[in-house]
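Here is the structure we will look at, set down as structure tokens.
Just so it is clear: chains get the letters A, B, ... in the order the sequence lines come, proteins before strands, and each one is counted from 1. Computed over heavy atoms, backbone and side chain alike; hydrogens, waters and symmetry mates excluded.
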Amino acid sequence: MSILVDEHSKVLVQGITGREGVVRTKLMTDYGTNVVAGVTPGKGGQEVHGIPVYDSVEEAAEKKGRIDISVIFVPAHLVKNSALEAMDAGVKLLVIVPDRVPIFDVLEIARFARQKQARFVGPNTLGLVSPGKAVLGMIGGRAERAREWFKQGPVGVSSRSGGMTSAISYYLTSAGLGQSTIVHVGGDAVIGLSHPEIMEMFEKDKQTRIVVMFGEIGTSQEERVADLIEQRKFTKPIVAYIGGKAAKSGTRFSHAGAIVEGSRGSYKTKVKRLRDAGVHVVDAVSDIPYKALEIYKLLGEQQ
Amino acid sequence: MARLYEYQSKLLLKEAGIRIPEGGVAFSPQEVRSIAEELGKPVVIKMQVWVTGRAGLGGIRFADTPQEAEAEATKILGMKVENYVVDRVIVEEKLSIKKEFFLGLVIDDASKSPLLVFSSIGGTGIEEIARHNPDKVGRYEVDVLKGLRDYEARNLVRKTGIIGKLILWLGDVLVKLYEVLKKYDARSAEINPLVLTEDNQIYAADCHMAVDDYAVFRHPELGIEVAREFDRPPTPLEKIAYKVEEKDYRGTFYFLQMKEDIADSDKTIGFNGAGGGGSMMSMDAVLNKGFELANYCDTSGNPAASKVYRAAKIILSQPNIKGYFASGSGVASQEQYHSARGLVKAFYEENLDIPAVIRLGGNFEEKAIEILSDCLNAVPGKVEGYGCDDSPEFCAQRMEELINENNVRSFKIRPLEKPVTPEKSYAFETFTGRIFIDHQKCADCSSKGCIQECQPRILKLKKGFPVLAISEEEAKKGKCTECLACEIFCKVNGRDAICIHLPIPGLKEYRDKILKK
Ligand code: SF4
Ligand code: SF4
């Protein structure tokens with residue numbers, strides 16, 4: 001198994017005829033993702049890499065039946081309406097790739113998703129991959145690369161940094177540990193599925209035995225993961241790294257979410273909360289594969 | 001999020017119908033005096049900075065007369081607060097306060113909604129207050145799709161122990177503050193204290209707001225210069241960097257100065273990260289080695305070589321750094337040689353004489369490392385390139401060793417000179433610069449390698465000389481990707497016929513100023 005996406009999920013690409021849309025659709029279809037349709041208003045009737053383009057999500061659903069997932073590649077200021085459109089047409093999972101989406105737009109998307117019982121990854125996400133099954137978004141860049149970097153296995157990966165999502169997965173693969181699903185949750189201050197929500201999914205996923213989490217200063221995500229563990233809602237081992245140890249308070253470091261506000265979201269509190277909850281917090285990213293391997297071996301002996 | 005000063009925030013409140021004390025902003029003691037004269041009553045003078053605890057720093061002063069106000073203002077203006085010189089104050093009528101409240105609105109990432117916090121007792125440290133008086137502090141998640149209704153606001157106020165008419169007055173302020181938050185795409189807005197005066201009026205006595213960086217484009221009226229979160233106003237070098245970023249949408253260039261006055265004895269390095277997470281991880285690695293960063297920088301999202309070049313030129317405008325450290329996630333999807341070429345051009349021009357450690361892991365990293373080593377025998381500083389299998393910790397270690405080998409020598413910045421190009425050069429415009437080709441030097445060039453090196457294939461030979469194979473307009477629009485390959489190839493092969501001029505507005509003046517010091 002895996003979480004969120006597999007080879008059967010029916011995928012739609014919004015903004016399929018745009019610069020990014022065209023390139024990333026190729027990555028997804030080359031990798032094996034079941035992309036069934038694309039949408040660009042006004043361009044219905046065209047095709048992109050053999051995928052039919054429709055004028056609206058509703059039309060795509062009429063022609064193709066239920067759509068499971070929509071991957072969104074429209075310019076940031078159009079993201080809100082595209083997301084609302086997809087959810088209104090019954091799509092239950094969105095992957096919102098663009099960055100620089102205004103925060104109030106994200107709040108509206110989140111509120112609407114709550115009403116529609118839909119979920120979304122991002123914004124500002126490279127996407128996710130269930131190795132050997134499907135890629136959503138742009139993670140890996142090219143299909144050959146994605147095949148080389150990501151292999152099927154027992155580790156669930158959840159990361160707030162796009163580059164580090166690939167890096168960590170590659171290091172795990174090199175160490176002989178494959179992955180169940182790799183999720184770049186996105187670097188923004190407010191995102192759809194955040195670390196704790198991903199953890200709850202990994203908890204239910206049989207394939208996932210260990211989780212690697214790349215956290216950062218700012219937001220309450222890592223603290224909420226600690227809460228989950230303390231409430232016994234998450235019981236699998238986690239290896240974590242928290243970026244931004246040296247960041248000073250009140251200043252944003254690249255990612256919109258990476259800012260310490262007062263005492264909230266500081267490196268110290270995050271590490272302490274996680275360690276107290278039993279998470280293996282490592283000091284260097286290069287320690288992640290060793291630590292994960294060590295724990296995985298112990299799990300094997302326990303069986 | 002871009003912060004607003006207290007006086008800016010207050011004007012937005014006023015516009016929304018929330019009462020603020022009479023007064024205004026002043027930049028000199030004379031201005032303070034004339035505002036006080038106009039008000040004709042006792043005033044309070046407050047420094048405009050983004051730190052908390054201004055009173056303790058002596059940044060809040062009272063005066064009964066305009067003369068006194070002027071004298072007090074001289075004590076505040078020019079004061080140094082955390083490396084930042086106070087250049088403006090707010091002068092306001094002094095309120096006679098009966099009661100204080102706290103009102104805040106923040107975007108809460110857990111509930112994914114604006115969170116309204118109201119406390120019926122005032123003071124600093126709302127967390128503390130809430131711990132000791134949980135029944136006096138109310139919180140409410142606002143539904144952004146329907147907005148904040150007046151009865152919701154009143155219920156929140158009521159639950160903190162407020163009674164009577166005050167419920168109505170305070171509820172009204174809550175609704176209005178939410179409107180301001182929404183209208184200006186603010187990530188946070190805080191009125192602390194919100195006060196009730198002796199004559200039963202509600203005033204916002206202080207206010208802080210921060211606007212969402214990603215929405216600043218919707219609000220040109222706010223005049224925000226650098227749409228980035230700082231705990232202080234941007235430095236001159238940050239403003240120069242931000243202009244570069246604004247004019248070039250290809251990839252991200254994020255630049256933040258961590259230390260402005262670097263002493264000869266400091267163990268400080270120039271830092272060039274790539275990718276948000278990768279940059280932070282790399283920063284942690286060098287800091288663990290005991291280095292200080294002159295700056296934090298992130299060039300990512302597939303920037304053009306020209307953008308990385310400009311980033312390097314800006315980083316190398318910081319005197320006294322001891323080394324240059326570049327490192328990203330390690331496994332980047334983008335072609336790494338673009339960054340390599342950007343760095344090479346900058347190092348070459350600056351005649352870099354301090355060591356550099358460049359960790360370029362990802363697609364085509366071998367080629368990137370080759371470019372670095374090919375070109376840099378020509379600069380005095382030692383430059384080492386590493387790939388995805390070399391950890392940031394190892395690279396930080398190398399940085400330290402190389403700096404010691406170099407006797408911890410300080411980097412001396414040099415004046416920025418306009419490149420000299422022969423008058424009769426063949427030239428064309430690019431997206432952000434201009435390419436000059438000195439055809440005289442091409443006459444006996446046997447390789448004509450620039451043509452092959454140009455990946456987008458926009459150069460061709462005409463009577464043996466390299467010229468554009470496309471229209472000048474296409475080149476300017478971006479067909480020339482400013483990959484710098486032609487220039488670097490030609491230089492490495494000892495010809496130096498190509499010069500790509502990539503201006504950075506303001507940098508020349510900046511360096512001249514520093515050199516004069
Ligand atoms: S490589 Fe240099 S010298 Fe040779 S043709 Fe090209 S520009 Fe001229
Ligand atoms: S002319 Fe070609 S090689 Fe030279 S900078 Fe432009 S795209 Fe690159």
Side-chain angles (χ1 to χ4, degrees), chain A residues 76 99-104 106-108 110-112 115 126 138-142 145 149 159-167 170-171 187 189-191 194 214 216-217 219-221 224 241 243-259 261-263 283-286, chain B residues 1 50-52 106-110 112-114 127 143-145 182 185 187-188 212-215 217-218 228-232 252 254 256 258 273-281 283-285 287-288 293 296 298 300-301 328-334 361-363 388-389 391-394:
Chain A
D99 71 342
R100 309 193 66 80
V101 179
I103 207 163
F104 269 90
V106 182
L107 296 181
E108 284 190 37
R111 200 77 197 190
F112 197 64
Q115 289 174 9
L126 288 188
M138 56 192 285
I139 194 161
R142 289 177 294 149
R145 274 291 135 132
W149 289 348
S159 164
R160 281 172 65 186
S161 154
M164 293 314 299
T165 313
S166 312
Y170 165 79
Y171 294 134
V190 176
I191 51 175
S194 56
F214 184 93
E216 277 174 6
I217 52 164
T219 80
S220 63
Q221 297 181 52
R224 284 184 286 131
Y241 174 87
K245 184 178 182 176
K248 52 179 186 171
S249 172
T251 300
R252 175 162 79 81
F253 284 81
S254 308
H255 292 153
I259 174 165
E261 292 162 279
S263 64
D283 292 324
V285 169
S286 45
Chain B
M1 42 184 177
W50 295 322
V51 297
T52 46
V106 287
I107 307 283
D108 177 43
D109 75 289
K112 307 186 215 307
S113 48
E127 251 107 84
D143 177 344
V144 279
L145 295 178
K182 181 90 205 289
D185 287 282
R187 257 177 82 163
S188 66
D212 176 20
D213 289 350
Y214 296 167
F217 74 94
R218 290 179 183 164
R228 283 188 178 166
E229 173 71 336
F230 290 116
D231 55 357
R232 50 166 172 74
T252 306
Y254 186 93
L256 183 70
M258 310 277 279
S279 298
M280 265 196 281
M281 168 187 78
M283 167 172 81
D284 292 344
L287 291 167
N288 278 341
L293 298 192
Y296 174 85
D298 172 4
S300 57
S329 71
V331 189
S333 321
Q334 308 96 338
N363 267 323
C388 66
D389 292 318
S391 70
E393 290 76 23
F394 169 78

Subject >> Close side-chain approach of A:Val285 to B:Ser391, heavy-atom, < 4.5 Å >> reply: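 No, too far: nothing below the 4.5 Å cut-off.
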Original post:
Which heavy-atom pair separates B:Met280 from A:Gly244 by the least distance, and what is that distance?
Top reply: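 Where B:Met280 meets A:Gly244 most closely, the heavy atoms are SD-CA, 3.5 Å.
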Original post:
With a 4.0 Å cut-off, would you call B:Asp212 and B:Arg218 a salt bridge?
Top reply: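 Looking at B:Asp212 and B:Arg218, the cut-off is not met.
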**OP:** Below 4.5 Å from any heavy atom of chain B, which atoms of A:Arg111 appear? Answer side chain, backbone, both or neither.
**Re:**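 Backbone plus side chain of A:Arg111, per the 4.5 Å heavy-atom cut-off to chain B.
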**OP:** Let me know if A:Gln115 has heavy atoms under 4.5 Å from chain B in its side chain, its backbone, both or neither.
**Re:**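 The answer is the side chain of A:Gln115.
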Original post:
What part of B:Pro114 lies closer than 4.5 angstrom to a heavy atom of chain A: side chain, backbone, both or neither?
Top reply: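 Both parts, backbone and side chain.
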Original post:
With a 4.5 angstrom heavy-atom cut-off, which part of B:Phe217 approaches chain A: side chain, backbone, both or neither?
Top reply: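 For B:Phe217, the side chain is the part near chain A, not the backbone.
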Original post:
A:Val190, A:Thr165, A:Val106: which one forms the most heavy-atom pairs within less than 4.5 Å of chain B?
Top reply: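 Max contact count across the listed options: A:Val190.
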Original post:
When you measure from the side chain of B:Arg187 to the backbone N and O of B:Asp213, does any donor-acceptor pair fall under 3.5 Å?
Top reply: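 A pair under 3.5 Å: no.
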Subject >> A:Glu216 backbone acceptor or donor facing A:Arg160 side chain under 3.5 Å >> reply: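 Yes, because the side chain of A:Arg160 sits within donor-acceptor range (under 3.5 Å) of the backbone of A:Glu216.
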